[in-house]
Amino acid sequence: MAKPRKIHGRRSNNSKARRQQHFRRGTLFRKAFEFCQECNADVSMLVRLKDTSQIYVFNSNDRWTPSQEELSLYYPTPLWITWQELAAKYDL
């Protein structure tokens, strides 16, 4: 089994760091697009930048925009992944 990657948080105001964060956001949305194409899945993803409160939305199916109340009615129930779970998984 592959060793989990360690993720290092970076905060910087220089232009190189901002450019890299922009590319990472693009990669995240590209991966979501590829996943919905290759796995025949509906993907809905929101990204909110904490410093500017800018929200980016990707939704692969415009007819499927579930609210939290609607998701609670699905079976099996959705798995909510928290930051703490990912931090523990990647040893942050």
Side-chain angles (χ1 to χ4, degrees):
M1 185 143 114
K3 182 180 175 184
R5 288 180 42 193
K6 188 163 190 165
I7 300 171
H8 302 283
R10 285 183 237 162
R11 291 203 174 240
S12 179
N13 290 328
N14 68 34
S15 62
K16 184 177 179 182
R18 282 194 311 268
R19 189 170 45 249
Q20 183 179 16
Q21 291 166 357
H22 174 76
F23 287 128
R24 285 186 183 210
R25 184 175 57 243
T27 300
L28 180 66
F29 284 103
R30 182 176 50 87
K31 293 289 185 180
F33 174 76
E34 290 173 358
F35 185 81
C36 71
Q37 294 293 314
E38 294 173 5
C39 301
N40 193 25
D42 288 330
V43 176
S44 184
M45 181 174 62
L46 293 158
V47 174
R48 183 180 68 90
L49 301 180
K50 291 180 181 178
D51 55 346
T52 63
S53 296
Q54 177 69 46
I55 297 174
Y56 297 90
V57 179
F58 172 76
N59 193 353
S60 64
N61 184 347
D62 290 337
R63 293 173 286 154
W64 187 70
T65 54
S67 66
Q68 196 166 5
E69 293 81 24
E70 290 173 323
L71 287 174
S72 66
L73 300 174
Y74 276 81
Y75 181 82
T77 56
L79 299 175
W80 295 93
I81 301 171
T82 65
W83 169 257
Q84 290 82 7
E85 291 171 336
L86 289 178
K89 182 177 180 179
Y90 294 112
D91 297 327
L92 292 180

Less than 3.5 Å apart, which donor and acceptor atoms pair up between the side chains of residues 39-49 and the rest of the protein, not counting sequence neighbours?
none

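- Note that NZ of K31 is 8.5 Å distant from CD of E38, once rounded to the nearest 0.5 Å.
- Linking ILVMFWY residues whenever their side-chain heavy atoms come closer than 4.5 Å, directly or via other members, leaves F35 and V57 in distinct clusters.
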